[in-house]
Novice: 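Please find one structure pasted underneath; my questions will follow.
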Amino acid sequence: MLWKFILLIVCFKHCNAKTGKPNVLFLVIDDLRPALGCYDYPKVLSPNIDNLASVSLQFNNAHVQQTVCGPSRTSFLTSRRPDTTRLYDFGSYWRTHAGNYTTLPQHFKDNGYFTYSIGKVFHPGIPSNFTDDYPLSWSTPVFHPPTQKYKMAKVCPGPDGDLHMNLLCPVDVKTQPGGSLPDIQSAEHAIEMLKNFSKPSETQPFFLAVGFHKPHIPFKFPKEYLDLYPIEEIDLAPNPEIPPDLPLVAYSSWPRLLLREDVKSLNLSFPFGPIPWDFQRKIRQHYYASVTYTDAMVGKVLKQLEASGFADNTIVTLIGDHGWSLGEHGDWCKYENFEVVTRVPMLVHVPHVTDKQKSKQQKFQYMDALETSQSRTEKDLQTDALVETVDLFPTLSELAGIEVPPYCPDNPFKVDFCTEGSSFVKLLIHAGKKREITWKDAVFSQYPRPSDYPQMNTDLPSLKDIKIMGYTMRTNRYRYTEWVGFDPTNFKANFTEVHGKELYLHNSDPLEIYNVANLKMYADLAESLHKKLLAGWKGALPT
Ligand SMILES: *[C@@H]1O[C@H](CO)[C@@H](O)[C@H](O)[C@H]1NC(C)=O
Ligand SMILES: *[C@@H]1O[C@H](CO)[C@@H](O)[C@H](O)[C@H]1NC(C)=O
Ligand SMILES: *[C@@H]1O[C@H](CO)[C@@H](O)[C@H](O)[C@H]1NC(C)=O
Ligand SMILES: *[C@@H]1O[C@H](CO)[C@@H](O)[C@H](O)[C@H]1NC(C)=O
Ligand SMILES: *[C@@H]1O[C@H](CO)[C@@H](O)[C@H](O)[C@H]1NC(C)=O
């Protein structure tokens with residue numbers, strides 16, 4: 001078995017001597033697209049995540065299964081796709097609504113791990129039964145940073161000297177209620193926890209999940225990070241217009257932005273705006289500053305991981321729960337099926353497997369973007385293989401040498417322990433080798449809609465209001481999407497009731513501007529992609 005071989009590599013001399021198992025640090029960042037230095041954004045400062053990338057395998061084609069927090073998180077934490085969790089909104093708990101599925105942390109807990117959740121890992125509230133699925137998933141009750149309760153509060157200083165509930169919210173942390181910010185509190189708590197894990201009395205390996213809230217809106221962050229991004233250096237999206245051949249059902253509108261006072265005062269027309277160019281620049285600037293702030297929190301946790309003696313026996317993963325549209329296609333936020341929102345950063349650090357080229361000395365020093373501007377020269381391990389966030393559960397199981405969930409059967413609802421993803425341990429082992437191995441030939445996401453034309457609940461319809469489901473598939477060369485009828489009472493899609501089709505040729509149109517689905521010359525291609533979409537994830541398994 002492959003996993004025994006891997007376990008041997010991970011553990012050679014270094015496994016937690018007391019437990020014989022590697023630990024896991026599972027980092028989730030809310031609304032983070034790959035706007036990171038180590039990906040395709042050289043202007044964004046993310047020295048700590050870049051540093052993690054330098055000892056990890058960096059996935060350049062990782063995709064989530066639905067581009068909104070609750071459904072995406074329930075999906076990757078259960079390793080099931082939204083049509084199996086039946087969570088497309090924030091209104092149900094999979095155990096009572098779909099099936100009593102074993103979660104990723106639960107599986108580790110059941111195998112002797114101490115599992116613990118800090119910040120936003122499960123989507124809080126109904127989707128995780130108001131307990132973040134404690135006690136089934138976690139060894140002790142979870143930690144939520146106390147200052148997160150000010151998410152909708154008027155705490156952002158405006159030009160008028162008053163405090164507002166704004167979208168753009170750089171703050172002086174000392175003056176904030178509670179004297180802190182959520183991600184600072186989560187990082188502090190994680191640091192304390194890692195110190196505790198290193199006490200001699202601790203005998204269990206750990207699975208520590210840390211979920212950071214930024215760069216999710218509001219863009220509330222320590223104001224000094226804004227100085228790193230002079231507004232005159234901020235560009236606009238390269239494709240800031242709604243494409244003429246786009247079926248409108250694909251367009252999300254962004255009513256959630258309109259709730260914020262600073263956006264409200266722009267008197268934008270709904271559903272298309274547009275947002276004035278200068279304000280678009282400000283949104284992008286504040287998103288980047290939020291990313292750099294979050295990167296600093298990641299760096300602090302990784303530094304403590306090393307200080308506590310865990311850098312050599314801990315598998316570290318970092319993902320975004322979905323991307324975020326920064327004006328591409330004239331759209332904002334998530335709630336879509338475009339590449340800018342389905343694609344996320346994914347880094348997987350396996351000690352002695354993904355860091356072999358690097359010096360044995362310090363792995364995770366903290367780097368302060370406010371103090372130094374470090375530029376990177378190293379070429380990291382990267383792969384363009386198509387992977388999905390549902391793959392993490394089987395992958396981490398295999399890496400830890402615990403039972404790997406089998407593939408789910410066609411009717412997955414009665415099976416508690418199975419996966420709709422694939423372990424990509426093989427990619428980790430082959431990383432850096434000249435010969436790229438063949439992998440999945442398609443990955444899948446979906447998004448619901450209440451109507452063809454954008455309305456106030458287009459971004460996030462409740463289950464009962466869903467009338468259309470957009471199924472999208474990314475292959476190495478294409479993105480193909482069908483928006484079809486959907487019945488929320490029996491969860492059935494009707495592929496003969498077509499509301500829109502999209503086909504993008506990624507080799508020539510990576511920004512997904514030209515929808516060629518209705519062009520005669522691509523009819524055969526569209527037909528073959530249609531068949532592949534219907535065959536679904538089981539028709540695209542790694543070979
Ligand atoms: C769900 O599964 C857990 C174990 O994974 C078990 O403890 C619990 O009783 C199950 N609940 C139901 C309703 O079957
Ligand atoms: C969900 O929460 C309710 C109320 O606290 C509790 O009675 C129930 O057992 C929980 N369900 C599961 C599966 O843990
Ligand atoms: C760390 O251990 C101390 C002493 O046992 C305890 O008081 C504290 O709550 C622990 N911290 C965390 C984050 O669990
Ligand atoms: C928005 O409308 C209000 C009230 O009509 C007006 O006072 C304000 O100047 C307008 N703002 C902009 C940016 O046009
Ligand atoms: C599917 O949609 C087609 C076209 O609108 C319709 O004729 C058919 O009755 C629908 N099928 C079901 C099962 O609803």
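For ligands, and for the atoms within them, numbers begin at 1 and follow the listed sequence. Starting from 1, each residue takes its place in the sequence as its number.
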Novice: With a 4.0 Å cut-off on N to O distance, would you call Arg479 and Glu502 a salt bridge?
Specialist: no

Novice: Looking at Tyr251 versus Phe272, is the centre-to-centre ring distance below 6.0 Å?
Specialist: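 Ring centres of Phe272 and Tyr251 closer than 6.0 Å.
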
Novice: Under 3.5 Å, is there a donor-acceptor pair between the Asp321 and Ser72 side chains?
Specialist: no

Novice: Check whether any protein heavy atom sits under 4.0 Å from atom 1 (C) of ligand 5.
Specialist: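 For atom 1 (C) of ligand 5 the answer is yes, since some protein heavy atom falls inside 4.0 Å.
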
Novice: Compute the minimum heavy-atom distance from Phe130 to ligand 2 and say whether it is under 4.0 Å.
Specialist: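 Checking ligand 2 against Phe130, which is what was asked, there is no heavy-atom contact under 4.0 Å.
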
Novice: Among Asn494, Val498, Val484, which one puts a heavy atom closest to atom 12 (C) of ligand 5?
Specialist: Asn494

Novice: With a cut-off of 4.0 Å, which atoms of ligand 2 are near a heavy atom of Asn129?
Specialist: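 Selected atoms, number and element: 1 (C), 2 (O), 3 (C), 8 (C), 10 (C), 11 (N), 12 (C), 14 (O).
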
Novice: So which protein heavy atom does atom 4 (C) of ligand 3 come closest to, and at what separation?
Specialist: Lys199 NZ, 3.7 Å

Novice: Would you check whether Asn196 has a nitrogen or oxygen atom less than 3.5 angstrom from a nitrogen or oxygen atom of ligand 3?
Specialist: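 Yes, at least one N or O pair falls under 3.5 Å.
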
Novice: Closest non-hydrogen protein atom to atom 14 (O) of ligand 3, residue and atom name please, with distance?
Specialist: Met193 SD, 3.3 Å

Novice: Is it the side chain, the backbone, both or neither of Glu188 that has a heavy atom closer than 4.0 Å to ligand 3?
Specialist: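 Under 4.0 Å from ligand 3, Glu188 contributes no heavy atoms.
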
Novice: Taking NZ, NE, NH1 and NH2 as the nitrogens, is one of them in Arg95 or Asp133 under 4.0 Å from a carboxylate oxygen of the other?
Specialist: yes

Novice: Among all protein heavy atoms, pick the one closest to atom 8 (C) of ligand 3 and tell me residue, atom and distance.
Specialist: Glu192 OE2, 3.4 Å

Novice: Decide whether Asp245 and Asn518 meet the rule of one side-chain donor and one side-chain acceptor closer than 3.5 Å.
Specialist: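 The answer is no; no qualifying pair exists.
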
Novice: Check each of Phe114, Tyr113, Phe310 against Phe206 using the ring-ring contact (aromatic ring centres under 6.0 Å, His included) test, and report the only one that passes.
Specialist: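 Among the candidates, only Phe310 passes.
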
Novice: Indicate yes or no: does an N/O atom of His189 lie under 3.5 Å from an N/O atom of ligand 3?
Specialist: no

Novice: Would you mind checking if Lys363 and Asp312 are paired as a salt bridge, meaning a charged N to carboxylate O distance below 4.0 Å?
Specialist: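 Salt bridge between Asp312 and Lys363, a charged N being under 4.0 Å from a carboxylate O: yes.
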
